[in-house]
Amino acid sequence: GPAGLPAAGAAAGSLAGPAGAAAGAAIGLGVDISVNFGVALMQQSAFEKDVRESLDSTLIEWEERLAPELERVQSVWYGYAEALLETSNNTPVGTTDP
């Protein structure tokens, strides 16, 4: 654990006196930090892979659910726009349709 390696290093170094205890604790802390860094690097790639897979599945789900509805709404809007253009093209400028 976090306190295990520095404490073990300090205990081993205490045989050489206070300076040995400090050096042992520093070595233990350095090993602990290095191990934690290595584990973090390994977990980071797994985390990135999980995030990528989650994002891909979310995008696929959104496309499957939203694309048909967006196409339907777009079709309605274009239908309205075409109808308005046809109406305005058939009405002389400066007049209104009765």
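Keep in mind that this is a model prediction, so the values were computed, not measured. Numbering of residues begins at 1 and proceeds along the displayed sequence.
Of the possible donor and acceptor atoms, one in the side chain of Thr87 sits under 3.5 Å from a partner among the backbone N and O of Ala83.
The CD atom of Glu82 lies 15.0 Å from the CH2 atom of Trp77; values are rounded to the nearest 0.5 Å. Rounded to the nearest 0.5 angstrom, Trp62 CH2 and Leu70 CG are separated by 10.5 Å. A distance of 12.5 Å separates CG of Leu55 from CG of Asp50, quoted to the nearest 0.5 Å.
Looking only at side-chain heavy atoms (C-beta outward), Glu61 and Arg65 come within less than 4.5 Å of each other.
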